[in-house]
Every structure is written in structure tokens, then in C-alpha cells.
Amino acid sequence: MRLIDLEQHRDSVRREVGATQVRRAEARGRELRSYDPDAHGHGAAENYVRSARFFFRAAVKDGLLDGSPAADLEAPPRPPAPERPLTEDELSELRRIAAGTGKDPDLDVMLLDFLRMTAARREGALNLRRAHLHHAQRAVTLSEKRGSVRTLPLSGDMLRRLDDFSRDRGGHRPQDHVLRYRNGEPLTRRRFNSLFDRLDRHCDWSEQLDVGAHWLRHTTLSDIAAVSGLRVAQAYAGHKSGRRSAIEIYTQVEFDDLVAAYEQVFGPR
């Protein structure tokens, strides 16, 4: 197996997945930003690259190969993301649709509001436990990818809503999940997919943009950056900066800076 063989296979996977996505969208009457198969399948190609690197690295480690042919295998460049901050009218429309459709609108509205105020990734919502709600400090702790943890300001009203929601669905212990289905089971990733698919069916602009949870994160972080600058937005997002200058170390973003930004965007806590 040579590098060129892996590159050809990677590109074949991307084209096949892209063509499948277009065929399924056309069969279901769904709107896409582009019906060119080459505009899709980049995520599948990235997964192929990661898998090939892992497979051949393991083979080298076990002494089955002298070197990995996937060592220099690169993922194809991604097209520019269509994401932009959502307008207040667009946010209101999504929330209105979530509240008026589906089998569990209370969960859907709670999820949208939580994502909007915290700029949380999916993991932040899925991992949210009752112990992460800090009523006295008016704050919430997010536990996200690669074990990253950060604490953000959150209004007392939103904290009470989350607390009551969890209790009504069987959450009482500190370790119990906050966001839960009506049967008491914790929220799963599937809910994100079903929610935003439903929003697409009832909204005439979101489907082409492929609006999802990350659009809410993008919107909130753009709002935070607009009122408090990129460094505060970076801290709010949980992004780790690289090597920092002495000035950046001495003037690091504090929780009070996050509070000030939060209150400028969402009002007093």
C-alpha cells in the first residue's frame, strides 16, 4: 500500500459519500446549498484519513510494518463554512418553531436557550449535571471535549429553569443529568439531529444553510466579541491559546470579564 493508493481511496470515499448525500436530499425533497457531489463528503474523507493513520500506526507499533504509508496522508481542504451569526429575528423564529412543534417542545426550547446563552458545544449540554448549576454564584460549569472544563456566568432565572426542569423529570442528586427526556433518560446526540431536522422542515431558510447547534455557538461568541473583544470571546468559547506573551499572562481574562460581557449581551443576571 502506497501513499498514492491511500489518497485515491480517500478521494473515492469523499465522492461516494457526497453523491449519496445529494441523492438522499433529492429523494426526500430537502434543500442543499449545492447539489454538486464534490461540495459534500469532506467529513467522511477526514474520518478516512484519521482511521488510516491509526491503522498503520498500530501496524508499525506491532512490528508488522517498518513505516506507515499514511504518515503523510492529508485530509482534503474543507470549503469555507457558511456559518454566520444569526439575527434576532432568525433566533426568535427557530425558538418559536421549537416551542410549537415536536413531541417534547419543553426540552427543545430549554436546549436552544441553554446553547444560546452559554455557546456550549454539544458535549456541554450532554454532560450537564445538577452539580454544575451554581445558584449562589449565578454560574454554570461546562464539561466538553477532551475533558476541558470552564465556568461561565448564567442568569438566576435560567439556572432556576434548568433546576426545575431536571427535578420535574426525576433529577435530584448532584450527579444527575439536567437535560432529560420525559421518561427521565438523559439527553442524547440524536435529539440534536431530530430537533434541527424539524426546524428545517418548518423554516424556509435554515435548511440550505444547514443550521445546527454550532450556529448558536457562533452567534453567541460573535456577540461576546462585539462587546468585549476577541480575548474575552476566546475565554467564553473555551479555546486554548498557544504560547502567550507576558502581557497576555498578566492581563488574563477573569470571571468578572465574562460576567460583564454576558450582561451586555443578555442583560443583568
Side-chain angles (χ1 to χ4, degrees), residues 85-86 88 90-92 94-95 98-99 104-181 186-187 191-192 195 212-240 252-269:
L86 296 171
E88 285 301 321
E90 289 170 339
L91 289 167
S92 296
L94 295 179
R95 194 177 190 277
D104 195 349
D106 291 340
L107 173 60
D108 294 335
V109 169
M110 187 67 69
L111 180 58
L112 289 180
D113 288 350
F114 175 77
L115 295 174
R116 168 63 174 137
M117 293 184 186
T118 62
R121 300 178 177 91
R122 289 190 182 197
E123 293 89 342
L126 295 171
N127 296 336
L128 185 65
R129 306 297 181 100
R130 292 182 56 81
H132 296 153
L133 305 178
H134 312 300
H135 295 271
Q137 296 83 12
R138 286 175 292 170
V140 63
T141 295
L142 300 181
S143 174
E144 296 185 331
K145 63 180 184 180
R146 300 186 184 92
S148 65
V149 177
R150 70 185 185 281
T151 298
L152 295 176
L154 194 62
S155 71
D157 177 68
M158 187 61 187
L159 287 164
R160 285 188 294 272
R161 287 178 57 201
L162 289 165
D163 185 87
D164 291 344
F165 183 87
S166 176
R167 286 184 182 276
D168 290 345
R169 300 191 173 201
H172 300 285
R173 301 172 300 173
Q175 67 269 31
D176 287 342
H177 286 82
V178 173
L179 298 171
R180 310 157 76 88
Y181 295 107
L187 180 74
R191 191 67 189 186
F192 287 84
L195 170 58
H214 204 272
W215 282 69
L216 298 177
R217 175 174 166 83
H218 183 103
T219 301
T220 298
L221 295 177
S222 295
D223 289 342
I224 296 294
V227 299
S228 295
L230 291 177
R231 289 190 61 208
V232 174
Q234 183 181 46
Y236 205 98
H239 289 164
K240 302 295 184 183
Q252 62 183 341
V253 175
E254 304 290 348
F255 185 73
D256 286 346
D257 299 317
L258 301 178
V259 170
Y262 176 94
E263 293 190 340
Q264 286 190 70
V265 174
F266 298 110
R269 293 185 298 155

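Just so we're clear, the structure is a prediction, and the values are computed from it rather than from any experiment.
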Verdict with supporting geometry, Gln175 and Arg130, side-chain contact (heavy atoms from CB on, under 4.5 Å)
CA-CA 6 Å; Gln175 67 269 31; Arg130 292 182 56 81; over 6 Å; no
Here the pair of heavy atoms bringing Ala233 nearest to Ile224 is CA-CG2, 3.8 Å
One should read off an interatomic distance between Phe192 CZ and Leu126 CG, to the nearest 0.5 angstrom, of 5.0 Å
Residues passing the ring pair (Phe, Tyr, Trp, His ring centres under 6.0 Å) test with Phe266, sequence neighbours excluded, are Tyr262
Contacts satisfying side chain to side chain donor-acceptor pair (under 3.5 Å) that involve residues 152-161 (not counting sequence neighbours) are Asp113-Arg161
Closest heavy-atom pair, Leu112 versus Arg95, reported as atoms and distance to 0.1 Å, is CD1-CA, 4.1 Å
Margin query: Donor-acceptor pair, distance only, cut-off 3.5 Å: does the side chain of Glu263 make one with the backbone of Arg269?
Written below: yes
From the list His172, Arg173, Arg180, side-chain hydrogen bond (donor to acceptor under 3.5 Å, both in side chains) partner of Asp176 resolves to Arg173
Smallest heavy-atom separation, Pro153 atom then Phe255 atom, equals N-CE1, 3.6 Å
So OH of Tyr236 and CG of Leu221: to nearest 0.5 Å the spacing works out to 8.0 Å
Original post:
Looking at side-chain heavy atoms only, is the closest gap between His134 and Thr141 below 4.5 Å?
Top reply: yes
Output for pair (Leu128 CG, Glu144 CD), nearest 0.5 Å, gives 10.5 Å
Query raised in the report: Is the closest side-chain heavy-atom distance between Val140 and Thr151 below 4.5 Å?
Result: no
Q: Would you check, one step at a time, whether the test side-chain contact (heavy atoms from CB on, under 4.5 Å) holds for Asp257 with Arg231?
A: CA-CA 10 Å; Asp257 299 317; Arg231 289 190 61 208; over 6 Å; no
Residues at least two apart in sequence or cross-chain that pass side-chain contact (heavy atoms from CB on, under 4.5 Å) with Ala235, listed by chain then number, are Val253, Leu258
Subject >> Any Leu187 side-chain heavy atom under 4.5 Å of Val178 side chain >> reply: no
| message | Could you check whether any side-chain N or O of Arg217 sits under 3.5 Å from a backbone N or O of Ala237, counting only pairs where one atom can act as donor and the other as acceptor? | response | yes
Pro105 and Ala98 have their tightest heavy-atom pair at CB-O, 3.4 Å
So does Asp163 get a backbone contact from the side chain of Ser166, meaning a donor-acceptor N/O pair under 3.5 Å?
no
Q.
Within the 4.5 Å heavy-atom criterion, are Val227 and Val265 side-chain neighbours or not?
A. yes
CG (Leu162) and NE2 (His132) are apart, to the nearest 0.5 Å, by 12.5 Å
To the nearest 0.5 Å, atom CZ of Phe165 lies from atom CG of Asp106 at 6.5 Å
Nearest heavy-atom approach of Gly124 to Leu142 is O-CD2, 4.3 Å
Between Arg138 and Leu159, the two heavy atoms sitting closest are CA-CD1, 3.5 Å
Rounded to the nearest 0.5 angstrom, the CG-CG distance for Leu179 and Leu115 is 8.5 Å
Between Asp223 and the options Gln264, His218, Arg116, the side-chain hydrogen bond (donor to acceptor under 3.5 Å, both in side chains) test singles out Arg116
| query | Are Thr219 and Glu90 side-chain neighbours, meaning at least one heavy-atom pair lies under 4.5 Å? | reply | no
